[in-house]
Amino acid sequence: MTKKTTQFRGLLHSGKLEFLMEAHNGLTAKLVEEAGFKGIWASGLTLSAAMGVRDNNEASWTQVMETVEFMSDASSIPILLDADTGYGNFNNVRRLVHKLEQRDISAMCIEDKVFPKTNSFLNEKHQMLADAEEFAGKIKAAKDTQQDGDFSVIARLEAFILGLGLNEALDRAHLYSSAGADGILVHSKLASPDQILAFMSQWKEDCPVLIVPTTYYQTPSEMFEQAGVRIVIWANHLLRASTAVMQSVASTIRQTRSVVAIQERIVPVKEIFRLQNSAELEAAELRYLPSEKSAPAHPVSSEHKPPVPAYPMSAENLVSVNPRHQ
Ligand code: SPV
Ligand code: MG
């Protein structure tokens, strides 16, 4: 099996347009992989939203790390972590890279803003750009720290987000690329792809460009491909999709005092068991738990017997009830 870091590097340099899909926990990481995507964007926005906090570094970096570890365990495709500003200065970035490598996270993206960051789509007044040299130092520190040559460090340009022009964006991109960045994420919050296309027309370096077309989503992907973009990131769509469904389902159940109306719209419990790979545990139980033959010689007294369920357990709701596991 190709290392995840090598898989991610393969996406950066495949020579065609590739796509990353957002995930924010182990379950969504698995769904992204099952949908056929070749990589995952661990979005700061959706990780924090799923934790019930704001995208302002309210979740600590170790809390983020814990979640991406679940995501990595639940999937076999590479993860690009949206690591905000790197959670501090170059020294925090060094420790971050060390910890990401331990958790088999293939790549991280850091943005040239000041900690604590504010989501790029929120109030422009609260966005503060980092000093370019200081940010380049973080990139260098990350590249010097990584042990796996294929771990990737993506530098994210926030110049357009702050209303600065193409020259500022290009100057910074050249600086970050010469500091060792493996890719440049150009962010824009316009409804049109104009800033991205203008950047691409001037970008001649052999350093792949990534984009996040959340606001200019109507642009056909072919246009990005023709412009030379290497990776498109669908940054928040699973969280937004599930939020819409959860709001509607919760409200219907509350209003009808029943789940009948939504039963057909939700997955059966056995689908959740499949996603959790419960079958593997069943097989492991047969292998590792004592067999029926080696059960205790003295029968268990009736007062210790498990209670008989008061309702019929349908196969729809339960994979099995294994008495040896009770
Ligand atoms: C994220 O998904 O957290 C991003 C992209 O950083 S954005 O929300 O557009 O800033
Ligand atoms: Mg983010």
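Start at 1 and go down the list; that is how both ligands and their atoms are numbered.
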query: When you measure from the Mg ion (ligand 2) to each N, O or S atom of Asp82, which atom gives the shortest distance?
result: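 Nearest to the Mg ion (ligand 2) within Asp82's N, O and S set: OD2.
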May I ask you to check whether [X] has an N/O atom sitting below 3.5 Å from an N/O atom of ligand 1?
X	result
Phe121	no
Thr46	no
His187	yes
Gly44	yes
Glu111	no

Ligand 1 atoms in contact with [X] (distance to a heavy atom under 4.0 Å):
X	answer
Arg156	4 (C), 5 (C), 6 (O), 10 (O)
Ala235	2 (O)
Asn119	7 (S), 8 (O), 10 (O)

- request: Could you give me the CA-CA distance, side-chain angles and deciding distance for Ser43 and Asp82, then say whether side-chain hydrogen bond (donor to acceptor under 3.5 Å, both in side chains) is met?
  value: CA-CA 5 Å; Ser43 152; Asp82 170 11; 4.8 Å; no
task: Note the single closest protein heavy atom to atom 2 (O) of ligand 1, along with its residue, its atom name and the distance in Å.
output: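 For atom 2 (O) of ligand 1, the nearest protein heavy atom comes out as Ser43 OG, 2.7 Å.
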- prompt: Take atom CZ in Phe70; do more than 12 heavy atoms of anything else shown fall under 6.0 Å from it?
  reply: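 Atom CZ in Phe70 is not packed in, count stays at 12 or less.
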message: I'd like to know if Arg156 and Glu158 make a salt bridge, using a cut-off of under 4.0 Å between side-chain N and carboxylate O.
response: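 Judged by the 4.0 Å cut-off on N to carboxylate O distance, Arg156 and Glu158 do form a salt bridge.
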message: One thing to verify: whether Lys117 and Glu111 come together as a salt bridge, which I'm taking to mean a side-chain N less than 4.0 angstrom from a carboxylate O.
response: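 Yes, charged N to carboxylate O under 4.0 Å.
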query: Could you state the interatomic distance from CG (Asn92) to OG1 (Thr85), rounded to the nearest 0.5 Å?
result: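 Going from the CG atom of Asn92 to the OG1 atom of Thr85 covers 8.5 Å.
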- request: Hey, could you give me the CD/CE distance between Gln226 and Met200, rounded to the nearest 0.5 Å?
  value: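 Output value for this atom pair is 12.0 Å.
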task: Answer yes if the ring centres of Trp41 and His24 are under 6.0 angstrom apart, and no otherwise.
output: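 Between Trp41 and His24, the centre distance exceeds or equals 6.0 Å.
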task: Taking the six-membered ring for Trp and the full ring for Phe, Tyr or His, determine whether the centres of His187 and Phe121 are under 6.0 Å apart.
output: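 Ring centroids of His187 and Phe121 are less than 6.0 Å from each other.
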- request: Fit a plane to each ring of Tyr216 and Phe224, take the angle between them on a 0 to 90° scale, and name the class: parallel (under 30°), tilted (30 to 60°) or perpendicular (over 60°).
  value: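 The arrangement is perpendicular - the two ring planes meet at more than 60°.
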query: Can you find a non-hydrogen atom of Thr214 under 4.0 Å from ligand 1?
result: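 Thr214 does not count as a contact of ligand 1 under the 4.0 Å cut-off.
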message: Please work out, at 4.0 Å between heavy atoms, whether the side chain, the backbone, both, or neither of Leu45 comes within that distance of ligand 1.
response: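 It is both backbone and side chain that touch ligand 1.
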field: Contact partition for Asn236 relative to ligand 1, non-hydrogen atoms under 4.0 Å
entry: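 Neither; nothing of Asn236 gets under 4.0 Å from ligand 1.
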